[in-house]
Protein chains: 2
Amino acid sequence: MDRSNDTDLTRIFDTIEYPEAYRVTYLANAIVFPAYGEIKRDFGLVRAEYILLACLSHFDVLTAQEVARISRRPRNTISRAVHRMLNESYLERSPDPADGRQSKLKITPKGRALHDEISGYLSRRQDEVLAALNAEERATLTALLKKAALHTAKLDD
Amino acid sequence: MDRSNDTDLTRIFDTIEYPEAYRVTYLANAIVFPAYGEIKRDFGLVRAEYILLACLSHFDVLTAQEVARISRRPRNTISRAVHRMLNESYLERSPDPADGRQSKLKITPKGRALHDEISGYLSRRQDEVLAALNAEERATLTALLKKAALHTAKLDD
DNA sequence: CATTTGTTGTTCCATTTGGAACAATATGCG
DNA sequence: CGCATATTGTTCCAAATGGAACAACAAATG
């Protein structure tokens with residue numbers, strides 16, 4: 001196709017009123033959408049479900065509420081994901097003896113194995129998207145992202 | 001509340017298998033979710049609708065397909081947004097004489113005014129989230145994000 | 001020029017999503 | 001203790017979402 005006459009769709013990166021927010025969101029979408037599509041196709045998981053897996057892979061035990069806070073998703077979404085993942089025995093739940101409202105969630109070996117497969121999809125896509133950066137640039141980006149993320153976590157306590 | 005015994009929910013920033021992807025997505029969510037909630041509450045717009053406004057604010061004329069490409073959303077989502085925004089006369093549509101399949105979309109002054117209000121919400125939240133970075137760090141981050149974003153746009157052509 | 005293939009915008013439909021209300025439990029305060 | 005307020009997980013319901021099929025048109029190929 002002749003694209004010589006096409007609009008340059010990347011101009012908006014510079015003209016948008018909120019450049020950092022736009023670029024961050026653009027990159028997040030560029031990573032998550034394709035990976036999410038593949039994960040759904042290959043494993044039948046929806047987003048809240050693999051997020052649940054990811055959280056439980058990195059903490060020994062969490063409540064549903066904590067998963068919701070980490071992932072910034074509504075509690076009911078997480079609640080549904082918990083039921084489906086319990087059903088497939090990707091995780092297990094035990095009542096908290098100290099607080100009758102909440103339950104403790106733990107990932108099972110089967111769940112961990114699934115997470116390991118899934119995280120490969122996300123790592124691969126991450127590396128594709130960041131391929132334009134050399135090692136030093138990437139390290140700088142990673143450090144700045146962490147600084148901002150830690151601040152943001154405190155901000156929204 | 002006594003949090004001395006709570007799990008540190010930010011540990012996952014370091015232990016996750018895809019740190020850059022996780023942090024980028026975390027920041028994107030931290031910016032977009034609250035701003036999106038406010039925009040919905042104050043203006044009744046859903047995400048595809050303000051995305052449409054943002055795109056048309058930065059290009060003289062676009063087709064629905066181009067908006068879908070810029071925003072990585074399915075065409076039908078954009079199609080619906082176009083109808084609602086036409087109805088509210090936030091934009092106008094004219095058939096393309098050179099191609100009977102597509103129409104050219106343009107934002108109206110009313111639409112531009114709405115976008116100006118909305119972008120304030122996103123800019124504000126962006127600045128809150130990035131408040132931990134000094135001017136130099138922020139400039140570095142912005143430049144690295146742009147480099148990655150431009151590469152990604154080419155990657156997915 | 002005829003036929004096949006691709007593209008655009010739309011509608012249909014099933015699924016996902018998230019706000020609101022709810023019951024059960026916990027906490028704060030008089 | 002007893003009552004008001006907050007929190008957790010859940011269900012309900014309306015809305016948003018995205019894949020698939022479709023009609024209209026365009027481009028490519030023989």
Side-chain angles (χ1 to χ4, degrees), chain A residues 1-3 5-7 29 32-41 43-52 55 61-87 91 93-105 157, chain B residues 1-3 5-7 29 32-52 61-87 91 93-105 157:
Chain A
M1 189 203 301
D2 176 18
R3 288 228 163 143
N5 219 4
D6 279 11
T7 313
N29 288 345
V32 167
F33 284 2
Y36 171 64
E38 295 173 10
I39 291 165
K40 194 173 189 179
R41 161 171 55 81
F43 306 104
L45 298 188
V46 305
R47 198 178 300 206
E49 287 160 2
Y50 76 68
I51 285 172
L52 180 56
C55 289
V61 53
L62 288 175
T63 67
Q65 180 74 311
E66 287 172 320
V67 175
R69 265 199 284 267
I70 293 173
S71 63
R72 290 175 185 273
R73 282 176 212 281
R75 293 193 305 276
N76 55 4
T77 304
I78 303 300
S79 174
R80 270 185 297 250
V82 167
H83 286 288
R84 280 199 58 186
M85 302 308 264
L86 278 173
N87 233 39
L91 56 89
R93 179 166 63 170
S94 54
D96 183 342
D99 188 334
R101 293 168 302 181
Q102 64 194 14
S103 301
K104 300 175 182 174
L105 304 173
D157 54 359
Chain B
M1 190 200 303
D2 175 20
R3 290 228 163 141
N5 219 4
D6 278 12
T7 312
N29 288 345
V32 167
F33 284 2
Y36 171 63
E38 295 174 10
I39 291 164
K40 194 173 188 180
R41 161 171 55 82
D42 294 352
F43 306 103
L45 298 188
V46 305
R47 199 178 299 206
E49 287 160 4
Y50 76 68
I51 285 171
L52 180 56
V61 54
L62 289 175
T63 67
Q65 180 74 312
E66 287 173 321
V67 175
R69 264 199 284 269
I70 293 173
S71 63
R72 290 175 184 274
R73 291 189 200 274
R75 292 193 307 277
N76 55 4
T77 304
I78 303 300
S79 174
R80 270 184 298 248
V82 167
H83 286 287
R84 279 199 57 186
M85 302 308 265
L86 277 174
N87 233 38
L91 56 90
R93 179 167 63 170
S94 54
D96 184 343
D99 187 334
R101 294 167 300 181
Q102 63 194 12
S103 302
K104 300 177 183 174
L105 304 173
D157 54 359

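Sequence lines set the chain letters: A, B, ... in the order given, protein chains first and strands last, and positions in each chain run from 1. Every heavy atom of this structure was used, including side-chain atoms; hydrogens, water molecules and symmetry mates were not.
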Indicate the atoms forming the closest heavy-atom contact of [X] with [Y], along with that distance.
X         : Y         : value
Thr63(B)  : Leu105(B) : C-CD1, 4.1 Å
Pro34(A)  : Asn29(A)  : CD-O, 3.6 Å
Glu49(A)  : Gly44(A)  : OE1-O, 4.0 Å
Val46(A)  : Tyr36(A)  : C-CE1, 3.9 Å
Ser103(B) : Arg93(B)  : CB-CG, 3.4 Å
Ser71(A)  : Ile51(A)  : CB-CG2, 3.4 Å

Taking [atom1] from [X] and [atom2] from [N], how many angstroms apart are they, rounded to a whole number?
X         : N       : atom1 : atom2 : answer
Phe33(B)  : dA16(D) : CZ    : C1'   : 14 Å
Arg93(B)  : dT8(C)  : CZ    : C1'   : 12 Å
Asp96(B)  : dA26(D) : CG    : P     : 9 Å
Tyr36(B)  : dT17(D) : OH    : C1'   : 10 Å
Lys40(A)  : dA20(D) : NZ    : C1'   : 13 Å
Arg47(B)  : dG18(C) : CZ    : C1'   : 12 Å
Gln102(A) : dA6(D)  : CD    : P     : 18 Å

query: Heavy atoms under 4.0 Å, any strand shown: does Arg41(B) hit a base, just sugar-phosphate, or nothing?
result: nothing
side-chain contact (heavy atoms from CB on, under 4.5 Å) between Ile70(B) and Leu62(B), intermediate numbers included: CA-CA 10 Å; Ile70(B) 293 173; Leu62(B) 289 175; 4.1 Å; yes
Can you pull every protein N or O that's under 3.5 Å from an N or O on nucleotides 23-25 of chain C?
from: dT25(C); atom 1: O3'; to: Gly100(A); atom 2: N; distance (Å): 3.2

Non-hydrogen side-chain atoms of [X] and [Y] separated by less than 4.5 Å:
X         : Y        : value
Leu45(B)  : Met85(B) : yes
Thr77(B)  : Arg47(B) : no
Lys104(A) : Pro97(A) : yes

- prompt: When you check the phosphate oxygens OP1 and OP2 of dT7(D), does a side-chain N or O of Arg69(A) lie under 4.0 Å from one of them?
  reply: no
Bending between helix ends of the helix from dC1(C)-dG30(D) to dG30(C)-dC1(D) [5 pairs per end, 10° resolution]: 30°
field: Distance in Å, Gln102(A) CD paired with Glu66(A) CD, rounded so as to fall on 0.5 Å steps
entry: 7.0 Å
- prompt: From the list dT8(C), dT17(D), dT8(D), which nucleotide is the closest neighbour of the side chain of Val46(B)?
  reply: dT17(D)
- request: Tell me which residues in residues 72-86 of chain B put a heavy atom below 4.0 Å from DNA chain C, sorted by number, or none.
  value: Arg75(B), Asn76(B), Ser79(B), Arg80(B), His83(B)
